[in-house]
Amino acid sequence: MKTFEDVIDFHGHACPGLALGYRVSAFALRQLGERSSDEELVGIVENDSCAVDAVQMITGCTSGKGNLLFKDFGKQVYTFIRRTSGDGIRISVDWKAPEETEEERTIWERYSEGDRTEEVLKTVHSRKTKKIEMILCAGDEELFQFLRAKMELPGEARIYPSIRCAQCMEKVMETRARVKDGKIVCIPCFEVLDE
Ligand SMILES: [Zn+2]
Ligand SMILES: [Zn+2]
């Protein structure tokens, strides 16, 4: 199993969102079994936050492979389904960060206004670190609610033939091509022609 350190390495920094994604992913694998080396596990994420990088690293559900689907719902909800059995889990993150102290609130305001003095950076960093530690140490029940069920699989990742755009001459997947003035074009060329 990949560690939180591996996830930080992939993502580029440590942050609370990443820690939540890590916990969600580790929990999902404990429930559904091993990491997806190919496409046997399908993930559906309902936001595009830092957490999604942890999901990709830990569960092996990746957007490039087509077994990670993004729904732009702005919700901290993560669903995983095992292809062979239809066993699924829907995890809804419901974690409340600890109340900020008066001092932290003031510092945060200064940070938002662009203050990058050492004092401000230190406080912001230590609050972030505190949150990450809390998330990593919390019990599952403090972090999320979940539902286990048999679930419907979204469609398989498909590869479509490419055709050539009549405008820029670059290749484009057939299903993404548009027709403009009787010519087959890609979306960027279609939008430019449209102006
Ligand atoms: Zn991040
Ligand atoms: Zn084009």
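Just so it is clear, the structure is predicted and the values come from calculations on it, not from any experiment. For ligands, and for the atoms within them, numbers begin at 1 and follow the listed sequence.
Rounded to 10 degrees, the SG-metal-NE2 angle spanning C15 and H13 at the Zn ion (ligand 1) equals 110°. Here the angle centred on the Zn ion (ligand 2), running from SG of C186 over to SG of C189, is 100°, rounded to 10°.
Here the SG atom belonging to C189 is positioned 10.5 Å from the CE atom belonging to M169, to the nearest 0.5 angstrom. Taking CD of Q76 as the start and CG of L20 as the end, the distance is 6.0 Å to the nearest 0.5 Å.
Put simply, I187 and I184 are part of two different groups of oily side chains (I, L, V, M, F, W, Y) that touch within less than 4.5 Å, one to the next.
Because its NZ or CZ atom is not both nearer than 6.0 Å to the ring centre of F146 and within 45° of the ring axis, R90 does not count as a cation-pi partner of that residue.
When the Zn ion (ligand 1) is compared with the N/O/S atoms of H11, atom NE2 turns out nearest.
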